[in-house]
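Before any comments, here is the structure.
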Amino acid sequence: MSLHLVFNTAGYEACLKRKLSDDPIILLGDGVYCATQLEGGNIHALEIDAQVRGMSLAQSKAKPIDYDAFVALTELHSPVVSWAE
Amino acid sequence: MSLHLVFNTAGYEACLKRKLSDDPIILLGDGVYCATQLEGGNIHALEIDAQVRGMSLAQSKAKPIDYDAFVALTELHSPVVSWAE
Amino acid sequence: MKRMLFIISQPPYANSHNAELLEAAMVGAVFDGEVSILFRDDGVWGLMPNQHGELIGQKTFSKMLSALPTYEVDQLFACASSVEGRDLSITTSPEIGLLTTEQQAILIATQDVVIGAQR
Amino acid sequence: MKRMLFIISQPPYANSHNAELLEAAMVGAVFDGEVSILFRDDGVWGLMPNQHGELIGQKTFSKMLSALPTYEVDQLFACASSVEGRDLSITTSPEIGLLTTEQQAILIATQDVVIGAQR
Amino acid sequence: MKYTLAIHGAPYASQSAQHGLAFAEALLRQEHSIERIFFFHEGVYQALSTRVTPQGEEDLLAKWQTLSNHGVELAVCIAGGIKRGVINEDERKRYEKNSNSLAEHFTLVGLGQLISAINNADRYVEFSA
Amino acid sequence: MKYTLAIHGAPYASQSAQHGLAFAEALLRQEHSIERIFFFHEGVYQALSTRVTPQGEEDLLAKWQTLSNHGVELAVCIAGGIKRGVINEDERKRYEKNSNSLAEHFTLVGLGQLISAINNADRYVEFSA
C-alpha cells in the first residue's frame, strides 16, 4: 500500500485523484494548510509544520504526527509518493 | 493604464480577477499555454515562447508579438504588473 | 517619491520570498515611498496569528508583519475572497483592510510600480 | 531490478526538471529497472509536437522524448483527463497510453519507487 | 525612457534570465536606457561565477556580462546573495570562506539600490521565476 | 531498513532541507540505515560551500555535514551541479574556473548513483521543493 506525502494544496488535489481510497496521506510543509478541508480518512499531518504556520489541528480530521511517526509510516508502506505542484 | 505580464496559467487566473477590463495582457513563458482559452481582448503573446512550446497562436485571440513590441507596450503603460503562481 | 505596491501571493516558510518582500517594503518606506502591501490567494496564510518560525529555525513571519508600522508601512490589505475561501482567522495587529477584487484592481491601477511576482 | 515510475507534472522549458527526470529515467533503464513515465496535469504540455527549444538556446524536450525508446524506455502514459482539459494534440511518436485516474492509481500502487516530485 | 529590471529566478529553474536578457537587449536596440538590473530572490544564482553551461545551450552568464559591457549595472541583492552563497571578495574575508563566488561584472548591493533604481526610472519590469 | 533520500529544493526556496534533515535524523535515531542522500534539481544548491546562514537562523550546511559525520553519504547530481555552479576541484580544473564551490563532505556523482542507491534500499523518499 502506497504512502502519499503532500507538500502543498495543489499537490493534495493531484494526489486525491490518483490514490487508492485506503492509502494513508501525510501533510507536510504547506500541505498542512489542507488540514481543515479534508475528505476521507487515514490522513496525518506533521505537527511541527502546522505549529510553525499557526494552524491548529484540533478541529481537523488529520492526526498530528512527529518525525518518528513519519518514519514508522514509511516502514509500513511502499512506494512513498511525493506530491507538490 | 496597467500592463499585465502573465507567466503561467495560474497567474492568468489571478490577474483576470484583479485587472481593469481594458488593461492589456502579455502572455509569456508558460503563460502562452493560456492562449487557446482566453476571455476578453487586448491580449498579446510572446511569439517565440509559443513557438518553443509548439503552441500555435493562429486560432487564438492573442496577438503574436516580439520583444520590440513587448518594449513598446511597456512604454505605453504603467505600472507593469507581473503575475506568476 | 513613488507609489509602490508589494503583492504577497504565497504562504510563508516554504520559501523566504515573503520575508524578502517585507524587507524591500520597509526600505521603500525609508526612502519615502508611499508603500502598500496586498496579500492575495495563498499569501493570506501569512496573516494567521500564532506562527512559530523558530520551531524550524526561521524568523516568524507574523512578528515581521507586526513590526511594519514601526517602519511607517501601515497600508496593509488582503483579498477578502481569498480570506473567506480559506476559512481563516487573520491577525488584528497590524490592522489589515479587506478588499474586493474590484478594489484591488483600482489599488493596482493607481500605483507607479508593483513589486512581488513570486513562484 | 525495481519497478520505477517517473511522474512529470510541469511543462517543459520554464525549468529543466523534466529534462533531468528523463535523464534519470534513461539511467534507470540502463540499470535494468522496469521504467514507466506518467505525464499528468501541466506535464502533458510536454507531449505537444513541433517544439523548438533551440529558439531559446535549450534542448528540445519533444526530441528527448522521441529518443526514449532507444534507451528501452517505452512505457509512456498520460493522464487522459489532463489531456482533454487542455484541448491538446499529443505526439504519436513515441506512443503514449492514455490512462484514467483509476488506472493511474493502480500504476502507482504497483511500483517499487515513484520519482519526480516537482514544484 | 529609463528602465529598472528585476530578475527573480535561478537559471534552469525559470525562464527569467532569457526573458530579462532579451528584453534588455531590445531596450538598448531602441535606445532606451537601463538604470539597473536587480537580481532578487533566487535570481541571485544568475551571478554565480562557478557555473558551466552545458554544450549546445545558451551561456547566460556570458550574455549578462556582455550587457554589462554596454554599461548596464548588474546588481545582486546582498542579503539574498550571502545567505544563498553568492559572495564577493569582501564578504569572503568577512565570513572566512575559502573562495568568493560572485561572477565578474556583478556587484552586491543593498535593497536601497533597488528602491533608488525604481525611483530614478520611468518603468519597473519584473521577470518572475 | 535501508533508505535512500532525495532532496529537490534549494535552501530558502523550499523546506526540503529541513524535512530531509529531520527525517534522516529520525531514521538514525531508530537505527535504520541511509544508503545515500541524493541532491537533485535545485537541491544541488544545498552543497554550495560559500553560503552564510543569517544570524538566528538554522545552519543547514552544518547540519548536513554533521549527518555525514554519522556516515551518511551526501551525493550531488554532477550534471545538475555543474550547470548550476556547484563544482569540485576536478571540475574547477577541467572548466578553468577560479574556484571550486562544493562544500566539504559532499561528493559529485552521476545519476547512476541515484539509481543504484534506489536499487540497494528498501525505501526511497523524496523531499520536494
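Residue numbers start from 1 in every chain, and the chains themselves are labelled A, B, ... in the order their sequence lines are given, proteins ahead of strands.
Within the 4.5 angstrom heavy-atom criterion, only side-chain atoms of A:Asn8, from C-beta onward, approach chain D. For D:Asp41, the parts lying near chain A are the backbone and the side chain together; criterion is any non-hydrogen pair under 4.5 Å. Of the two parts of A:Lys17, the backbone and the side chain both hold a non-hydrogen atom closer than 4.5 Å to a non-hydrogen atom of chain D.
Results of the side-chain contact (heavy atoms from CB on, under 4.5 Å) test with A:Asp49 over A:Val32, A:Leu27, A:Asp30 single out A:Val32 as the only residue that passes. Results of the side-chain contact (heavy atoms from CB on, under 4.5 Å) test with D:Leu5 over D:Gln75, D:Glu34, D:Gln111 single out D:Gln111 as the only residue that passes.
Below 30°, between 30° and 60°, or above 60°: for D:Phe61 and D:Phe39 the angle between ring planes is above 60°, a perpendicular geometry.
Among D:Ser82, D:Ser81, D:Ala105, the residue making the largest number of heavy-atom pairs under 4.5 Å with chain A is D:Ala105.
With hydrogens and angles ignored, the 3.5 Å screen pairs no side-chain donor or acceptor of D:Gln10 with any backbone N or O of D:Asn18.
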